[in-house]
**Q** 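Structure in structure tokens, see below.
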Amino acid sequence: MADENAATPKRDPIKNPVGNTAAQKRKQNAVSVGKERREALFRTKRLCRAGVSTDTDVPIDDNEMMIEEEQSILESQTTSAVQELNLAVTFQGKGAVQKKVNALRELRRLLSKSEFPPVETAIKSGAIPLLAQCLSFGSHDEQLLEAAWCLTNIAAGKPEETRALLPALPLLIAHIGEKSSVPVAEQCAWALGNVAGEGEELRQILISQGALLPLAKMMLPNKGSTVRTAAWALSNLIKGPDPRAATELIKVDGVVEAILRHLRKSDDELATEIAWVVVYLSALSTVATSILVKTDLLQLLVERLASSNSLQLLIPVLRSLGNLIAGDAYTTNAILVPGHQITDNIIQALSKCLNSEHRILKKEAAWVLSNIAAGSVAHKQLIYKSESVPILVQLLLTAPFDIKKEVAYVVGNLCVAPAEGSGRSTLIFDHLVSFVRSGCVRGFIDLVRSADIEAARLGLQFLELVLRGMPNGEGQKLVEREDGIDAMERFQFHENEDLRNMANQLVDKYFGEDYGVDE
């Protein structure tokens, strides 16, 4: 709905900008999605256990993984390993390279084998400058790989531990260039992805030091592991809130083509990382959005949505689809045209997600539908005639609050035609009557009773439609039957003036002194 701080004496009921305002807020949420705890654990930083694909790599044996090793022992071993690395770095005799590699490998092993690596101990023991020295140009690949791996896991630590990598960042960036071997470049990209995931300040430092272009180039080939790591690192690097990195990325030669190619041909794992890049491009950059919607990206996203059962892939695909629909009028007006196959496919795919057992898919699908429903009357009729309507009604009545709120936007937008100018929204009578007689009033009254200001406003606006639009006083009886009068009267002395005025005007107009006199 409209901004709750806007001072407007009289507010239209449910109108076209409802969907657009909600979309803008939802797009802002996409920027901060990395801050959500559960997702942050999976998306933002990743501990490197087995290393990148390389013949020289020595993966950790599963039996060697430490689940509950004494922390003091692990810290002592780490201190000793850093001391050994210091000796190896200063050693100039025969076998010096192998001595460094062995010392690095031992430190890497200690930083990889525990669920809670001894990162703080490694840093206090002086590991960072030693590891940076081991990244010097001309070093053997095995040495570079082990050093980058150590830095990757240090960067996966706490914020202050990640910041400790600042002296090593220029060298890590240098080694993702085209002259580096693929395993070394990929491991360095992994480390940089962890740094970028820590926050905006470090992202800006990486961008200023030139990390974006080489990472973008790493995403161009068809090699799955390298592309996957680069795409993940890029999604961390461009996640904002500053949109300039996203705009810069979309302008890199070959990036758009690579995104489309990977979404078209890649497995779910790689497609997931690419889809997250699209999430942030479409959430942050109007330039990127205007470029992407003129490709066949929408069709590719819909195909993934319809065919995949991977929750990890479906989430960014849905978010990307919603961002593109909400963020560019061209999408709705020129691509999602009622009667076109892609439009029917989108509605079907979204209905599938509404029926999913995963609540996050239900919520995301409802958000996307709410933005399509905020379009033309033809768009509203397309959704109204689809299989999604009975699902929407059921969710509005039974779903958890966050899903119910998103669904309410869909239903509300389906019941009004776009307002012309500043005039009052026109009811779509048959839609309203159908939803009301399906029992939706109770769901909206639940929103009126909620502590969420936006949801309460949406509930009040829908009740205004019901009271104004239902024939023969049916709306008043329904609202009274569901204890809607009591729900509205709670706003009589509410601190929010907007809600207070809305609720009081509805009660006075429809349930005043004359209500029920003729019965």
Side-chain angles (χ1 to χ4, degrees), residues 27-48 52 148-149 151-166 168-170 172-173 175-176 185-220 225-250 252 255 258-259 262 269-285 288 312-313 315-316 319-320 323:
K27 286 175 67 178
Q28 291 168 358
N29 288 345
V31 177
S32 61
V33 70
K35 297 178 183 177
E36 299 171 10
R37 178 166 177 77
R38 286 183 64 190
E39 189 166 343
L41 291 173
F42 174 75
R43 288 286 321 157
T44 304
K45 291 185 177 184
R46 297 175 178 177
L47 196 66
C48 183
V52 298
W149 189 343
L151 289 168
T152 297
N153 286 355
I154 291 174
K158 300 174 184 176
E160 63 274 14
E161 294 166 349
T162 306
R163 285 189 59 82
L165 262 71
L166 282 171
L169 294 185
L172 287 170
I173 293 171
H175 284 300
I176 60 174
E186 183 177 351
Q187 191 64 66
C188 290
W190 193 333
L192 294 171
N194 279 343
V195 174
E198 184 50 56
E200 183 183 8
E201 181 184 357
L202 287 174
R203 286 196 284 275
Q204 292 302 324
I205 291 173
L206 290 172
I207 291 168
S208 68
Q209 293 182 357
L212 189 142
L213 182 59
L215 282 174
K217 290 182 177 179
M218 285 180 67
M219 195 174 68
L220 302 184
S225 175
T226 304
V227 175
R228 189 167 59 244
T229 301
W232 166 74
L234 279 170
S235 70
N236 272 350
L237 188 63
I238 68 169
K239 68 170 53 174
D242 190 328
R244 287 177 291 182
T247 299
E248 182 181 345
L249 176 60
I250 202 66
V252 174
V255 161
I259 288 173
H262 294 313
E269 193 174 2
L270 175 52
T272 298
E273 303 301 347
I274 296 296
W276 277 110
V277 173
V278 176
V279 166
Y280 293 113
L281 287 172
S282 56
L284 289 163
S285 172
Q312 300 302 330
L313 172 59
I315 291 171
R319 289 184 178 176
S320 297
N323 287 345

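Every heavy atom of this structure was used, including side-chain atoms; hydrogens, water molecules and symmetry mates were not.
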**Q** As a test of understanding, state which of Leu165, Leu166, Asn236 forms a side chain to side chain contact (heavy atoms under 4.5 Å, CB included) with Val195.
**A**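 Checked Leu165, Leu166, Asn236 against Val195; only one passes side chain to side chain contact (heavy atoms under 4.5 Å, CB included): Leu165.
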**Q** Using the side chain to side chain contact (heavy atoms under 4.5 Å, CB included) rule, pick out the option among Val255, Thr226, Thr229 that qualifies with Met219.
**A** Val255
**Q** Run the side chain to side chain contact (heavy atoms under 4.5 Å, CB included) test on Leu284 and Asp242 for me, step by step, so that the C-alpha distance in whole Å, both residues' side-chain angles and the decisive distance to 0.1 Å come before the verdict.
**A** CA-CA 8 Å; Leu284 289 163; Asp242 190 328; over 6 Å; no
**Q** Could you pull out all residues at least two apart from Asn153 that satisfy side-chain hydrogen bond (donor to acceptor under 3.5 Å, both in side chains)?
**A** Ser112
**Q** Applying side-chain contact (heavy atoms from CB on, under 4.5 Å), can you list everything that pairs with Ser320, at least two apart in sequence or on another chain?
**A**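 side-chain contact (heavy atoms from CB on, under 4.5 Å) list for Ser320, sorted by chain: Val278, Val279, Leu301.
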**Q** Distance from Ile238 atom CD1 to Leu249 atom CG, nearest 0.5 Å?
**A**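 The CD1 atom of Ile238 sits 5.0 Å away from the CG atom of Leu249.
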**Q** Which atoms form the tightest heavy-atom contact between Leu212 and Leu234, and what is the distance?
**A** O-CD2, 4.1 Å
**Q** For His262, check ring-ring contact (aromatic ring centres under 6.0 Å, His included) against everything at least two apart and list the hits.
**A** none
**Q** How long is the span from the CG atom in Leu237 to the CD atom in Gln204, to the nearest 0.5 Å?
**A**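 Going from CG on Leu237 over to CD on Gln204, the span is 8.5 Å.
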**Q** Under 4.5 Å between any side-chain heavy atoms of Gln187 and His175, yes or no?
**A**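 They are not in contact (no side-chain heavy atoms under 4.5 Å apart), so the answer is no.
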**Q** Using a strict cut-off of less than 4.0 Å between a Lys/Arg side-chain nitrogen and an Asp/Glu carboxylate oxygen, indicate whether Glu273 and Arg46 qualify as a salt bridge.
**A**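 Salt bridge flag = yes for Arg46 with Glu273.
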**Q** Distance check, rounded to the nearest 0.5 Å: Ile154 atom CD1 versus Cys48 atom SG?
**A** 12.5 Å
**Q** Do you know the tightest heavy-atom contact between Leu220 and Ala258?
**A** CD2-CB, 3.8 Å
**Q** Looking only at non-hydrogen atoms, find the nearest pair between Gly210 and Ile173 and report the distance.
**A**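 Where Gly210 meets Ile173 most closely, the heavy atoms are O-CG2, 3.9 Å.
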**Q** Would you list the pairs meeting side-chain hydrogen bond (donor to acceptor under 3.5 Å, both in side chains) in which at least one residue belongs to residues 208-219, sequence neighbours left out?
**A** none
**Q** Shortest non-hydrogen contact from Ala231 to Val277?
**A** O-CG2, 3.3 Å
**Q** Mind listing the closest non-hydrogen atom pair of Gln312 and Pro316 along with its distance?
**A**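 Reported closest heavy-atom pair: O-CD, 2.9 Å.
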**Q** Once rounded to the nearest 0.5 Å, what's the spacing between atom CZ of Arg244 and atom CD1 of Ile207?
**A**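 With rounding to 0.5 Å, CZ (Arg244) is 8.5 Å from CD1 (Ile207).
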**Q** Could you report the tightest heavy-atom contact between Ser285 and Thr247, atom names first, then the distance?
**A** OG-OG1, 2.8 Å
**Q** Rounded to the nearest 0.5 Å, how far apart are CG of Leu47 and CH2 of Trp190?
**A**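 Those atoms lie 8.0 Å apart.
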**Q** Rounded at 0.5 Å granularity, tell me how far CD in Glu198 sits from CZ in Arg203.
**A** 9.0 Å
**Q** Please list, chain by chain and in numerical order, all residues satisfying salt bridge (Lys or Arg N to Asp or Glu O under 4.0 Å) with Glu269, sequence neighbours excluded.
**A** Arg228
**Q** Between Thr162 and Lys45, is the side chain to side chain contact (heavy atoms under 4.5 Å, CB included) condition met? List the steps.
**A** CA-CA 10 Å; Thr162 306; Lys45 291 185 177 184; 2.6 Å; yes
**Q** If the condition is side-chain contact (heavy atoms from CB on, under 4.5 Å), which residues does Ala233 pass it with, not counting sequence neighbours?
**A** Leu215
**Q** Considering the options Asn194, Ile274, Leu270, which one meets the side chain to side chain contact (heavy atoms under 4.5 Å, CB included) requirement together with Trp232?
**A** Asn194
